[in-house]
2 protein chains.
Amino acid sequence: MRHFEKELNLLRQSLLEMSGMVEAAIHGSVLSLTARDATQAEEVLRNEARINQMQIRIDDQAAQLLALEQPVARDLRLIMSAIKINNDLERMGDQAVNIAQRAQRLMKEAPVGAPVDIPEMAELAQKMVRRTLDAFVHQDPAIAREVIHSDDAVDELRRIAYRELLKYMKENPQSIDQCVSLMFAAHSLERIADHATNIAEDVLFLVQGIDVRHHAESTSGNR
Amino acid sequence: MRHFEKELNLLRQSLLEMSGMVEAAIHGSVLSLTARDATQAEEVLRNEARINQMQIRIDDQAAQLLALEQPVARDLRLIMSAIKINNDLERMGDQAVNIAQRAQRLMKEAPVGAPVDIPEMAELAQKMVRRTLDAFVHQDPAIAREVIHSDDAVDELRRIAYRELLKYMKENPQSIDQCVSLMFAAHSLERIADHATNIAEDVLFLVQGIDVRHHAESTSGNR
């Protein structure tokens with residue numbers, strides 16, 4: 001059992017390392033978008049391979065733990081959660097790549113004056129990633145709930161962004177390409193927040209045995 | 001071991017049932033979009049809860065199998081794959097819901113004459129879902145490769161759809177709302193194809209021990 005705890009700590013460490021990489025990718029991708037910073041965009045694209053390799057390594061760690069320690073009950077659930085969290089983190093990394101690619105395209109065109117608060121969405125989303133991993137590592141339901149709560153704020157910002165961008169496009173049809181790119185960037189940030197929420201819901205399930213996965217969804221299902 | 005095989009078959013059956021539900025959801029959501037069929041859209045939204053419940057049931061089945069049978073090596077990998085496939089299927093269901101919600105919004109507005117081949121994308125994506133589950137159930141690498149190959153076709157259709165819709169919007173700014181909705185529907189179909197591809201990559205890994213997950217991505221990374 002002590003050996004199991006040690007291995008489990010290594011798995012937690014790996015997930016924290018992975019989430020650090022993903023957070024950096026989100027941060028870089030948003031900088032590339034808002035500051036039109038080509039170097040940041042390239043770095044996000046370059047680091048994608050590292051995140052992918054990390055995902056494979058964590059899956060292997062989890063498989064080893066399952067095979068060698070044959071955990072049951074709560075320990076088993078914990079490792080199943082780690083596998084899912086790993087998956088969610090990698091998907092967030094993919095979304096950061098999408099944003100960086102949008103940014104590269106936007107850099108080739110004239111800056112657009114559309115009023116859209118990408119930085120605030122991005123900051124919230126990054127914070128959700130960090131906090132949701134805290135919730136997992138400390139098995140803290142209060143932090144998990146806080147993350148789920150933040151998701152509503154991100155959804156609302158995304159809704160406002162869409163509305164403003166649609167309005168701007170209609171008034172400035174020459175900016176349609178740029179506005180659509182910004183809409184997809186906002187969409188990616190919302191997806192990142194959704195993945196963080198998935199993790200928070202897994203944590204609540206783990207800690208309290210309540211499956212909230214699809215309850216949170218039903219309240220925001222009509223967006 | 002015979003008991004394990006029996007339980008494993010039940011798990012496979014559940015995944016097939018889930019994929020049938022998801023296929024139906026995709027089909028219904030696309031009908032709601034292309035035929036402006038409100039009943040179909042409502043049914044997709046109503047069935048979301050069933051898909052979600054099924055996901056939870058399959059996760060429980062997998063957890064039971066891991067806990068009671070304590071499989072190792074290939075059997076363990078198989079169950080880990082089942083957990084991931086379950087997750088991918090549920091995400092496809094979410095995308096069908098997104099399409100149905102877009103369809104509901106589009107029904108309130110004038111039909112738009114933009115030339116975009118949603119039905120062909122949808123048919124390809126649905127076929128990928130069905131085939132990728134075939135690949136898993138029969139552990140057939142040839143079918144898995146065929147699915148991965150189809151993903152490029154869906155990506156190409158999505159690229160064409162975006163290009164045509166952007167062009168149409170510029171010429172018909174009064175149709176911007178509808179065109180943006182159609183772009184997001186095309187995006188959802190592409191995501192469904194991506195999830196099918198994830199599953200196919202898992203199958204290849206399972207059958208051949210080759211981790212292709214992030215190789216396929218790197219070839220389509222610059223879209």
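We name chains A, B, ... by the order of the sequence lines, and we start the count at 1 in each one.
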Hey, what do you get for [atom1] ([X]) to [atom2] ([Y]), rounding to the nearest 0.5 Å?
X	Y	atom1	atom2	result
N198(A)	E90(B)	CG	CD	8.0 Å
Q70(B)	E69(A)	CD	CD	11.0 Å
I176(A)	M169(B)	CD1	CE	5.0 Å

Practice problem: List the steps, then state whether salt bridge (Lys or Arg N to Asp or Glu O under 4.0 Å) holds for R77(B) with D60(A). | Solution: CA-CA 10 Å; R77(B) 284 279 177 194; D60(A) 286 343; 2.9 Å; yes
Self-check item: Under-4.0 Å salt bridge between D177(B) and R163(A)
Solution: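 Salt bridge: no.
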Quiz item: Salt bridge between D88(B) and R91(A), side-chain N to carboxylate O under 4.0 Å?
Solution: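 Yes, D88(B) and R91(A) are salt-bridged.
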Practice problem: Flag the pair Q174(A) / K170(B) as yes when at least one side-chain heavy-atom distance between them is below 4.5 Å, and no otherwise. | Solution: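 Answer no - side chains too far apart.
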Quiz item: Given a strict heavy-atom distance threshold of 4.5 Å, which part of N86(B) is in contact with chain A: side chain, backbone, both, or neither?
Solution: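 Neither part.
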Quiz item: Looking only at heavy atoms, what is the nearest atom pair of V72(B) and A67(A), with distance?
Solution: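 Scanning both residues completely, I find the closest heavy atoms to be CG1-O, 3.7 Å.
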Quiz item: Considering all heavy atoms of both residues, which atom of M80(A) and which atom of A63(B) are nearest to each other, and what is their separation?
Solution: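 Closest heavy-atom pair between M80(A) and A63(B): SD-CB, 3.6 Å.
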Quiz item: Quick one: of L76(B), L68(B), I83(B), who has the most non-hydrogen atom pairs under 4.5 Å with chain A?
Solution: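 Most pairs with chain A among the choices: L76(B).
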Exercise. Tell me, for L66(A) versus chain B, whether the close heavy atoms (under 4.5 Å) come from the side chain, the backbone, both or neither.
Key: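 Contact with chain B is through both the backbone and side chain of L66(A).
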Exercise. If the plane angle is over 60° it's perpendicular, under 30° parallel, otherwise tilted; pick one for Y162(B) and F184(A).
Key: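 Tilted, since the angle between the ring planes falls between 30° and 60°.
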